[in-house]
Protein chains: 2
Amino acid sequence: MIQNYQHIKSLLQESGLKTTPQRLAVLDYMIACKCHPNVDEVYQAVCAHVPDISKATVYKLLESFAQNGILSKMNSNDGKLKYDYIAEHHHHLYDVDNDEIKDYPNNELDEILKNYFKEKSIDGYVIEDIKLEIKVKKQINNK
Amino acid sequence: MIQNYQHIKSLLQESGLKTTPQRLAVLDYMIACKCHPNVDEVYQAVCAHVPDISKATVYKLLESFAQNGILSKMNSNDGKLKYDYIAEHHHHLYDVDNDEIKDYPNNELDEILKNYFKEKSIDGYVIEDIKLEIKVKKQINNK
DNA sequence: TTACCTGCAAATAGTTTGCAACCCT
DNA sequence: AGGGTTGCAAACTATTTGCAGGTAA
């Protein structure tokens, strides 16, 4: 069952895309998973609900969602494209020891950056968005 | 001719890697190019100097340099691995209209972030490095 | 000399494409 | 009805692997 039917439907309409079972299933998964899946992971997950979806379709849908600003493409260090659903603005924590990536929302920091670039701009460019890529290690508990 | 022979040689020694013509050529290019090439671009460029280098070797070298902290892997939105030589700490400007990526060093900003996270840490993690991923558009000149 | 390194070619994996059939609106 | 959308299979591109031979230290 699709969790966010109405929400997804309006996302699609805003982008001028038709509502299809494949799009519903892919977006529903992206919204629910709260992770940063690559194409194959999305495909595997969606297969459970829409068994006959093809991987080529998943490629096409994810790409078009990214074009329409519904998802963003992410950098990953394994050479595979990853996608991220943008519910709220957030940064990313990259664990250097394994390949985990976690969301890190921080409004306070967003404000600081916004203010900083209000005064000092980057010449020749207009800033659209700023995301932090924070490399982290898990803390060892030695008290 | 290798521009930074001594420098590269010590980089390699610090990482316990033998000095080979292939490694010299690849690193020399990475240092000189000041860009963010993908594997094929490195291969093409290095071919001019070391004609019989194989692409498999380029893959292996870039990967091992990244493991040893000489290069960093980069996120790119085209599904190809890109590498970046780390001369000084810098951030990245991603042009949203084309696929250009530019370096953006900014010590002032590094200080601000460092101070911010001195007070407010991320629980469970130790921060290793912070990079900004700044999405930009070229400014239209309308005065 | 010896352990590390490289090139080759083949295998594997990831992504794109073209088109006929299908299905939202 | 009609144009956007999908699945398929094939093409294409990117990356990894194993191993024999080569080379830096």
Side-chain angles (χ1 to χ4, degrees), chain A residues 2 5-6 8-27 29 36-47 49-68 70-71 73-83 99, chain B residues 2 5-6 8-27 29 36-47 49-68 70-71 73-83 99:
Chain A
I2 304 297
Y5 185 84
Q6 282 309 323
I8 296 175
K9 185 147 189 173
S10 54
L11 281 178
L12 291 173
Q13 283 177 339
E14 284 163 26
S15 302
L17 301 170
K18 286 184 180 166
T19 304
T20 66
Q22 293 85 346
R23 284 181 175 143
L24 283 167
V26 167
L27 271 184
Y29 174 70
H36 316 91
N38 62 34
V39 177
D40 194 58
E41 285 162 347
V42 176
Y43 171 70
Q44 297 297 338
V46 169
C47 269
H49 303 284
V50 186
D52 56 349
I53 195 173
S54 94
K55 202 183 274 189
T57 299
V58 176
Y59 272 99
K60 289 170 191 165
L61 296 190
L62 291 173
E63 182 61 31
S64 87
F65 293 155
Q67 298 261 346
N68 284 289
I70 298 174
L71 305 177
K73 286 191 187 185
M74 284 190 47
N75 293 326
S76 71
N77 284 345
D78 61 2
K80 294 176 199 165
L81 285 175
K82 291 186 179 172
Y83 293 87
D99 276 341
Chain B
I2 304 298
Y5 186 84
Q6 282 309 323
I8 297 175
K9 185 146 187 171
S10 54
L11 281 179
L12 292 174
Q13 283 178 340
E14 284 164 25
S15 302
L17 300 171
K18 287 183 179 167
T19 303
T20 67
Q22 292 86 343
R23 283 180 176 145
L24 283 166
V26 167
L27 271 184
Y29 173 70
H36 316 93
N38 62 34
V39 176
D40 194 58
E41 285 161 348
V42 176
Y43 171 70
Q44 298 297 339
V46 168
C47 269
H49 303 283
V50 186
D52 55 349
I53 194 173
S54 94
K55 200 181 276 188
T57 300
V58 176
Y59 271 98
K60 288 169 191 165
L61 297 190
L62 291 173
E63 182 60 32
S64 87
F65 294 154
Q67 298 260 346
N68 284 288
I70 298 173
L71 306 177
K73 288 189 184 183
M74 284 191 46
N75 292 327
S76 71
N77 285 344
D78 62 0
K80 293 176 198 165
L81 284 175
K82 291 186 177 169
Y83 292 87
D99 275 342

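Convention: sequence-line order gives letters A, B, ...; per-chain numbering from 1.
Note that the first and last nucleotides of DNA chain C, 5' to 3', having any atom under 4.0 angstrom from a heavy atom of chain B are dA3(C) to dA9(C).
As rounded to whole Å, 14 Å separates atom C1' of dT13(D) from atom CD of Gln44(B). A straight line from OH of Tyr43(B) to P of dT15(D) spans 14 Å, rounded to a whole angstrom. In this structure, Leu81(B) places its CG atom 17 Å from P of dT13(D), rounding to the nearest Å. The interatomic distance linking Glu63(B) (CD) with dT17(D) (C1') rounds to 14 Å, in whole Å. Rounded to an integer number of Å, the gap from OH of Tyr83(B) to P of dA14(D) is 14 Å. Regarding Asp52(A), its CG atom lies at a distance of 12 Å from the P atom of dT6(D), rounded to whole Å. Between Leu61(A) atom CG and dG4(D) atom P there is a gap of 16 Å when expressed in whole angstrom units.
Using a 4.5 Å cut-off on side-chain heavy atoms (C-beta onward), Asp40(B) and Val42(B) make no contact.
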Without placing hydrogens or testing angles, list every side-chain donor-acceptor pair under 3.5 Å for residues 14-26 of chain B, not counting sequence neighbours.
unit_1	atom_1	unit_2	atom_2	d
Ser15(B)	OG	Leu11(B)	O	3.3
Thr20(B)	OG1	Arg23(B)	N	3.2
Arg23(B)	NH1	Lys18(B)	O	2.8

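Summarising the geometry, atom OH belonging to Tyr83(A) is positioned 8.0 Å from atom CG belonging to Leu71(A); distances are rounded to the nearest 0.5 Å. Separation of atoms NZ (Lys80(B)) and CE (Met74(B)) is listed at 14.0 Å; rounding is to 0.5 Å. To the nearest 0.5 Å, the span separating OG on Ser10(B) from OH on Tyr5(B) amounts to 11.0 Å.
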Taking only N/O atoms, report every protein-nucleotides 18-25 of chain D pair under 3.5 Å with atom names and distance.
unit_1	atom_1	unit_2	atom_2	d
dG18(D)	O6	Lys60(B)	NZ	3.2
dA24(D)	O3'	Thr19(B)	O	3.4
dA25(D)	OP1	Thr19(B)	N	3.3

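Panel note: side chain Glu63(B), backbone Lys60(B); no donor-acceptor pair is recorded below 3.5 Å. Judged purely by atom type and a 3.5 angstrom limit, Asn68(A) has no side-chain atom pairing as donor or acceptor with the backbone of Ile70(A). Within the 3.5 Å criterion, the main-chain N or O of Asn38(B) finds a donor-acceptor partner in the side chain of Glu41(B).
Nearest heavy atom pair, residue Ile53(A) against residue Tyr43(A), reads O-CE1, 3.4 Å.
No engagement by Leu12(A) is indicated, since no non-hydrogen atom pair under 4.0 Å with the nucleic acid exists. Nucleic acid contact class of Asn38(B) (heavy atoms, under 4.0 Å, all strands): none.
Residue order along DNA chain D, read from the 5' end via each residue's closest nucleotide, puts Arg23(A) first among Arg23(A) and Tyr59(B).
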